[in-house]
Structure formats: C-alpha cells, structure tokens
2 protein chains.
Amino acid sequence: MAGMALGKNYDGQSCALASALEVIGERWTLLIVRDALYGVRRFGDFQAHLDIPKAVLSQRLSTLVEAGVLERRRYQETPPRDEYVVTPVGQELWLPVLALAQWGERHLSTRGPHRLFHHVTCGGRLEPTSYCRTCGGLVTLDEVEMRPGPGLAGDTRQDQVSLALRTPHRMLDPIP
Amino acid sequence: MAGMALGKNYDGQSCALASALEVIGERWTLLIVRDALYGVRRFGDFQAHLDIPKAVLSQRLSTLVEAGVLERRRYQETPPRDEYVVTPVGQELWLPVLALAQWGERHLSTRGPHRLFHHVTCGGRLEPTSYCRTCGGLVTLDEVEMRPGPGLAGDTRQDQVSLALRTPHRMLDPIP
DNA sequence: TAACACGGTTCGGTGAATGAACTAACATGG
DNA sequence: CCATGTTAGTTCATTCACCGAACCGTGTTA
C-alpha cells in the first residue's frame, strides 16, 4: 500500500481495521512481521529472505518499531549491531497472520500447504477459529451480529452505510 | 500496496501469506471486503462509505471478482445495475478481518471498541483464537512449531532463513 | 427537453516503490 | 599497514500506483 506514512491514511473510517492497516497494511509489512515471528532478527536476513529493497525495509522496520510491533535492540557493541525483536504486541499479530495464511492455503495454493503449524505439547495441527466466549461454540459468519461500541462515538459520517451500521446489524444482510 | 497487479508481486516467497496478500494486500482491498461482509453491495455505497477514488474502487472490485472473493451479479435490467456479493471464499476472510480488527482495538484504539461482534443464538461476544485440533486447547505462539509441508517442494531459495525454515522450527527461536 | 443518478473511464500531477550505486564503521587476512 | 569483506544502511533516478477532477453512457424523472 502507499501514501499512508504522511497524511494520506484511512482517517474517518472509525474502524479498528483501518487503524490496524495503517500499521501493518503497507506493502511488505506483514511479510516482515511473519519473518520476525519465525525468529528472523537481523536486517540482512530480512533482506535476503524477502528480496525487498533496502530502503523500503529500513523504512518498514522503523515504522514497526515506532508502532511497538518490533523492538530495536543492540546485541553487540563492536561493531555496533542492532536486531529487531517481536514485542508482545507484535506476537499478537500471530493470529491474523495465521488466519490469512490458511485462507491462502485453502484457496490459492496448488500443491498443498507450504507450512504446517503444530501444537508442541500434543503435536496436533493448529486451526484459527472464531469462537463464542459465552457458549464456547465455534461461530460462522451467518451467526454473527455487529453492534456499535463506545469507540464509535465520534463518528459523524452521514452516508447510508454509516447510518445503517450505527444500529445492530446481522452480517451479510444487504445495506442499506 | 503497490506494484502487485502486473508482474511485480511477491513471487518466490513460497508462502501462502504472500499469495493471500497479492489478492487482499493492496491498499483499500481489505476495507472493501469488510464492507462487503457487512452487506454493502453497490458501487456507490462502497464509494460513499470508504471515500475511495472511483478508479481505484473499480480496479479493486475487478480484482476481487477475478480472485473469486466477490461475485458480480445483475440485479436489475433497466437500467442495467450490477451488485457485488461476497462468495463463500470471501466469507472465509471473515476470520482474518476479525483478527486484525481486534488487534487494532486492543493496541491502537483510544475510546474502547468501535464495533462488537456477537453470537446471535446466545448473545455472547466473539473472540478469534488459534486452537488445537487434537487436544482442543487454545494455543499461544510459544507453543507453536512450524513444519514444512508438501507445498514447499519447489522452493529453491538458498539464503540462511529459507534453509533454516525447511526443517521444523519453534516459533520465535532466533534464525539462523 | 433538461436535469439527474448511477457506474464507471480518462487524464494530469504527486508520491511511493524499485534497483543500483554509494557510505560508514568495523573486522579480517596477508 | 593496506586491501578486501561484512553489515546496515542512505542517496538517487526511474517507474509505477494512487489521487482528485472531469468526463461519458445509459436510463429515469420533472
């Protein structure tokens, strides 16, 4: 993605997804996060693995450090060398990364899954799910209702969609 | 994101995440999908709600239709009007969208959540989780091991990271 | 018959991505 | 002591995507 660093962002969307995309929605960023979750830490390793222009990598790493996703850490003094380590905030991106990757595996992959993720304690395969805190069941989209929350307070948009979404709404129900 | 439509893509990444990002990783695309999951269907509604340039919206909708995420459907003949409806493949993007939005709520939101997602049958709040198929437990990143799968067969990369990731690897363990 | 609505396409200007070249700090080998 | 190499960048010219405004075609309404 482009134009998000200075001024041209998703402002006015009143949506946490838009905020998230301002941090991790630019080109290359989520692949950098994925590599960092694998354990890649050094500038040169990111660059060699991703085939990304150095200037872009440098800028993305700075953005991620600023957003609290990565932490820049001096690991030796002579010569001075820094590494980029995933913070707890960055570790929580594991779920969206896994969910997106598995969507790609299911619908865009040809020769079967590229990488499998297993639970170390029992060896079972991982699955990302959306589950219900109250009844504990797995929930599919047709059982989901959106309700406006307190963060929507400052939303002044007047288009039909924004108006409709300020009241509870069943997912996939046509708007308006 | 930029440069993904013609030739300049994430090729050589041997990764389902990269494939997924080629479809839904461009600027605005995931916000369009989110709106479509809410039930937005018409060109003008997307445009009014997102404040997106028409040319970009037009191109993104075409890409999403081509990828099988949306279906373009004639809903009236005079005047001829089409709508864009989420396919089952697109509905499966619900989980990554929810996971990303909740990450944004937790770490980037100021006034509390913008939108809450509830289970219609019991009213409980939704939570995206990564869970283990075998033991049924919820799994955090430090309990995850990556193992190479059959789709990795054609991978000929020789950098240190690619070599290390062709063998089972505990997440967050430093590479190389 | 004129104005309007919808769903786009076309166009010029701006800014980001790209690859190649260059820099700086230090290490290593002869 | 000097040449070469490694790491982590920065600088630069070119290319390309995003942007907003204007325009277009079809059909509808006043």
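Letters go in sequence order (proteins before strands), and every chain restarts at 1. We use all heavy atoms of the structure for the numbers below, so side chains are in, but hydrogens, waters and symmetry mates are not.
- With sequence neighbours left out, the salt bridge (charged side-chain N to carboxylate O under 4.0 Å, His left out) criterion links B:E66 to no other residue.
- Nucleotide D:dT6 holds its C1' atom 13 Å from the CD atom of A:Q47, rounded to whole Å.
- Between B:R27 and C:dA16 there is no side-chain polar atom (N or O) within less than 4.0 angstrom of OP1 or OP2.
- The nearest whole Å value for the distance from the CG atom in B:L57 to the C1' atom in D:dC19 is 14 Å.
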Could you list the protein-to-nucleotides 6-8 of chain C atom pairs, N/O on both sides, closer than 3.5 Å?
unit_1, atom_1, unit_2, atom_2, d
C:dC6, O4', B:R81, NH2, 3.3
C:dC6, O3', B:R81, NE, 3.3
C:dG7, OP2, B:G44, N, 3.2
C:dG8, OP1, B:R72, NH2, 2.6
C:dG8, OP2, B:Y84, OH, 2.9
C:dG8, N7, B:K54, NZ, 3.1
C:dG8, O6, B:K54, NZ, 2.9

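- For D:dT28, the OP1/OP2 oxygens have a side-chain nitrogen or oxygen of B:T78 closer than 4.0 Å.
- Note: CD (B:E77) to P (D:dG27) measures 10 Å, nearest angstrom.
- Residue pairs meeting the side-chain hydrogen bond (donor to acceptor under 3.5 Å, both in side chains) criterion with at least one member in residues 86-101 of chain B, sequence neighbours excluded, are A:R106-B:E92, A:H107-B:E92.
- Atom CG of A:L50 is separated from atom C1' of C:dA17 by 15 Å (rounded to the nearest Å).
- In this structure, B:D35 does not pair ionically with B:R41, as no charged nitrogen and carboxylate oxygen lie closer than 4.0 Å.
- Taking atom CD of A:E26 as the reference point, atom P of D:dC18 lies 13 Å away to the nearest angstrom.
- For the pair A:L126/B:R133, no side-chain contact is recorded, criterion being any heavy-atom separation below 4.5 Å from C-beta on.
- Here A:R72 pairs with A:D82 under the salt bridge (charged side-chain N to carboxylate O under 4.0 Å, His left out) rule; sequence neighbours left out.
- Between B:Q76 atom CD and C:dA5 atom C1' there is a gap of 12 Å when expressed in whole angstrom units.
- Remark: A:R73 engages A:E83 in a salt bridge (charged side-chain N to carboxylate O under 4.0 Å, His left out) (not counting sequence neighbours).
- With sequence neighbours excluded, no residue satisfies salt bridge (charged side-chain N to carboxylate O under 4.0 Å, His left out) with B:R111.
- Rounded to a whole Å, the CZ atom of A:R60 is 18 Å from the C1' atom of D:dA8.
- Close to D:dA17, at under 4.0 Å from its OP1 or OP2, lies no side-chain N or O of B:W28.
- Along DNA chain C, the nucleotide closest to A:P79 and the one closest to A:P53 are compared, and the more 5′ of them pairs with A:P53.
- Counting to the nearest Å, the C1' atom of D:dA21 and the CG atom of B:D51 are 15 Å from each other.
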